[in-house]
Number of protein chains: 4
Amino acid sequence: MPRSQKQYKEIRKQKKQLILDSALELFAENGFHSTSMSKVAQKAGVSKGLAYNYFESKQDILDEIIKTGFDSIYSNFDLNHDGILTREEFEHFIRNSFKAIGKNRKFWKLYSAIIMQSDIAESMMEKYGDRSQIIMQMLNQFIKTMGSKDPEGDLMVISSLVKGSLLVVISAPEFFPLKQLEDKVTEACFRLITTK
Amino acid sequence: MPRSQKQYKEIRKQKKQLILDSALELFAENGFHSTSMSKVAQKAGVSKGLAYNYFESKQDILDEIIKTGFDSIYSNFDLNHDGILTREEFEHFIRNSFKAIGKNRKFWKLYSAIIMQSDIAESMMEKYGDRSQIIMQMLNQFIKTMGSKDPEGDLMVISSLVKGSLLVVISAPEFFPLKQLEDKVTEACFRLITTK
Amino acid sequence: MPRSQKQYKEIRKQKKQLILDSALELFAENGFHSTSMSKVAQKAGVSKGLAYNYFESKQDILDEIIKTGFDSIYSNFDLNHDGILTREEFEHFIRNSFKAIGKNRKFWKLYSAIIMQSDIAESMMEKYGDRSQIIMQMLNQFIKTMGSKDPEGDLMVISSLVKGSLLVVISAPEFFPLKQLEDKVTEACFRLITTK
Amino acid sequence: MPRSQKQYKEIRKQKKQLILDSALELFAENGFHSTSMSKVAQKAGVSKGLAYNYFESKQDILDEIIKTGFDSIYSNFDLNHDGILTREEFEHFIRNSFKAIGKNRKFWKLYSAIIMQSDIAESMMEKYGDRSQIIMQMLNQFIKTMGSKDPEGDLMVISSLVKGSLLVVISAPEFFPLKQLEDKVTEACFRLITTK
DNA sequence: AATGAATGAGCTTTCATTCAT
DNA sequence: TATGAATGAAAGCTCATTCAT
């Protein structure tokens, strides 16, 4: 009784995800370079050969992990895709960024380690740079709408604060409780816009 | 007739620095794990063997680089070493942190990449964790003195902002001009302390 | 379709033995330190990488060789494992020691070179020292039973003679024919016990 | 006031001996291959360069050590150089061999480790083989004179006993006290000659 | 689809030896 | 005579990747 075409596809998808998950965990824990394909395969419970059946290379696995994560960040941004950021959408974006970290700390730890490494960061910029810039422009517009006297400067400060807070939450969660920081940062963002 | 003690010492000092500089550049550019000792030696214009004459291991080079950088951060903190942070000392610390980055971007790029890499970060925490905590305590005390209603929360926000701004200055200086951010962040820090 | 568990196991077993044999030959011929893993792999007709697939380290190969040899010595000792050495068992032990050398000269050449090398000898003592002592005690008991006036002294002389004769048989078989020495030594051992 | 030709020669001789002594100690303690020239020079308190001024290579140092030792063994043999071994000369040889070990255990430990390593043993055989054979012939003659029924066999047994006892004294002096073994072995040698 | 034996390039590290001074 | 910085070949070992089965 051979499985149907569809069943095979489903199995493939699950196996692939299994490898991705194993890799993520190990990369986050021990670093990309210190994790061997042997360990990834072993953790996933498959052979090395099979892993190479699903991915072209070790780097390929990393790329796929990063892509997934990048996509998920921006799905929380400009919810109705009208190119304009409302106060609610802005707050939603900030808060959801924190929540995303709470849900998948391993990934974000790996992610932040990865984007710091210039060789990788550059190739990512090429791929995702455009999207990044669109977001910055929307934020800029939003800050202006809020009546900022120095939109450019405020944008810099706010994006520094958001990035910094996400970073400390990721790297030292024992000192920076997620929920508390989420509230403080959200509030601070609004307060930092210089209106007078 | 052999060279004098002094001559040998001078040679050693210069060569060692040469190797450190080469390593810093390559580590920052390509990451620690992706940089081989061969490349370091080649860039320094010496043989691999000589590099090992000056350093016990590749890790040893990294450690020395990190130590130097770490020391330089905290030389700008609590200038008179009385354990108490004044308004002026606080501002001086913030501003000098930015200036330090301006002076040695390469190092700070490496530094920020390194502290994100879990395998390396842990051994650093063991070495420098104590000093880090002392600083946090002094900052906490300072924020209280400034009349904060929520010192703990404000400390988290401020340190997030400072770390985040240093990070963006390091990783995307073309979008975040150093001097401008320095002023904005310094001012924002004072404004963020909730006094009412 | 992959090979069966059994097939893989068989391949592993054979290749492992192949590497062990090559290593033994080279270690015996040129010494442990003067034999590189490259040479071992080359002689076995495999890649260096594969050798490390089967053994954790070069030392690991040596350990396995030594263990095998050590086990084989003492399987000829105290045949019925009752802790007491009879006249027949004693003679059997002596004679079989010679026979063992005849069967695997290479190993014994390596073995005797190894136990002389202080750095390696120490770790062996830790592993096998206990067994060695048990044997000496049994020999001591045996010599007493034979009516020796100076068991301690006789034990020293006899074990010197046995060790020495095995040594010369190993290192200069052209001058010391195995069978002839076996007979002479066996007889001498009994004659050396001072009964009057 | 320049030193005289003779004084210089004396200094050279002392320095050379210093290096030889340091090398011997380290070779015996850690093995030849595990001892670096750096350590030898350091222990002797001279520079590496100077060591190479006195010796052509590391191997050269070892050769000189071995040669010295070899010469010293046979200076105790056939004292009056008449080619004939008397009972007294024989006993003197045995006893002095033990005494030599007592005087310089380090050397003999190294020596016995070295001669076990076949690559070295071979080159030694070429150099010292002749002398060895002369000794064996004299011993053979001596045993005949003593009225042995099986001179060839007795020679094998006796030389095995002597070599073996020297070996155990060197490698496990805590279990085989030198003086005691010297007496027992000397006596046993005479007893082992089969006269009936 | 699946296995793991096998490869080989490249890594970190060591060290006997040389040589400018 | 004396120094130690400098070299370079080779060591032990790792691991991404391939491929016969």
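Keep in mind that what you see is a predicted model, and the values were worked out from it rather than measured. Below, read A as the first sequence line, B as the second, and so on, with proteins coming before strands; counting in each chain starts at 1.
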Decide whether a cation-pi geometry holds between Lys13(B) and Tyr54(B); the criteria are a distance under 6.0 Å from NZ or CZ to the six-membered ring centre and an angle within 45° of the ring axis.
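That pair does not qualify as a cation-pi contact.
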Pi-cation contact, Phe27(C) with Lys106(C) (under 6.0 Å, within 45°)
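Cation-pi check for Lys106(C) and Phe27(C): fails.
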Given atom [atom1] of [X] and atom [atom2] of [N], what is their separation to the nearest angstrom?
X: Asp60(B); N: dT14(E); atom1: CG; atom2: P; answer: 11 Å
X: Gln42(D); N: dT3(F); atom1: CD; atom2: P; answer: 13 Å
X: Phe32(A); N: dA16(F); atom1: CZ; atom2: P; answer: 8 Å
X: Gln17(B); N: dA5(F); atom1: CD; atom2: P; answer: 17 Å

Note, Ile61(A) side chain near Met37(A) side chain (heavy atom, < 4.5 Å):
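Heavy-atom side-chain distance check passes, below 4.5 Å.
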Can you tell me if the side-chain N/O atoms of Lys15(B) get under 4.0 Å from OP1 or OP2 in dA6(F)?
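So the side chain of Lys15(B) is within the cut-off, an N or O lying under 4.0 Å from OP1 or OP2 of dA6(F).
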Phosphate OP1/OP2 of dT1(F) contacted by Arg12(D) side-chain N/O (<4.0 Å):
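Arg12(D) to dT1(F) OP1/OP2: side-chain N or O found under 4.0 Å.
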If you measure from [atom1] on [X] to [atom2] on [Y], what distance do you get to the nearest 0.5 Å?
X: Leu24(C); Y: Ile65(C); atom1: CG; atom2: CD1; result: 5.0 Å
X: Leu62(D); Y: Ser57(D); atom1: CG; atom2: OG; result: 9.5 Å
X: Ile11(B); Y: Arg3(B); atom1: CD1; atom2: CZ; result: 4.0 Å

Could you tell me whether Thr35(A) contacts a base, only the sugar-phosphate backbone, or nothing, with contacts defined as non-hydrogen atoms closer than 4.0 Å?
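The residue Thr35(A) makes sugar-phosphate contact but no base contact.
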Using a distance-only criterion (donor-acceptor N/O pair, under 3.5 Å, no hydrogens), is the base of dT3(E) paired with the side chain of Tyr8(C)?
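For Tyr8(C), whose side chain was compared with the base of dT3(E), there is a donor-acceptor pair (under 3.5 Å).
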Assign each of Ser36(B) and Lys58(D) to its nearest nucleotide of DNA chain E by heavy atoms, then name whichever residue's nucleotide is nearer the 5' end.
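Looking at DNA chain E, the more 5' nearest nucleotide goes with Ser36(B).
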So which nucleotide from dA5(F), dA2(E), dC15(E) ends up closest to the side chain of Pro2(C)?
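Ranking dA5(F), dA2(E), dC15(E) by closest atom to the Pro2(C) side chain puts dA2(E) first.
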Would you indicate which nucleotide in dA11(F), dA16(E), dT12(E) comes nearest to any side-chain atom of Ser38(B)?
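Side chain of Ser38(B) sits closest to dT12(E).
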Near DNA chain E, which residues from residues 45-55 of chain C have a heavy atom under 4.0 Å away?
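Result for residues 45-55 of chain C: Val46(C), Ser47(C), Lys48(C), Gly49(C), Leu50(C), Asn53(C), Tyr54(C), sorted by number.
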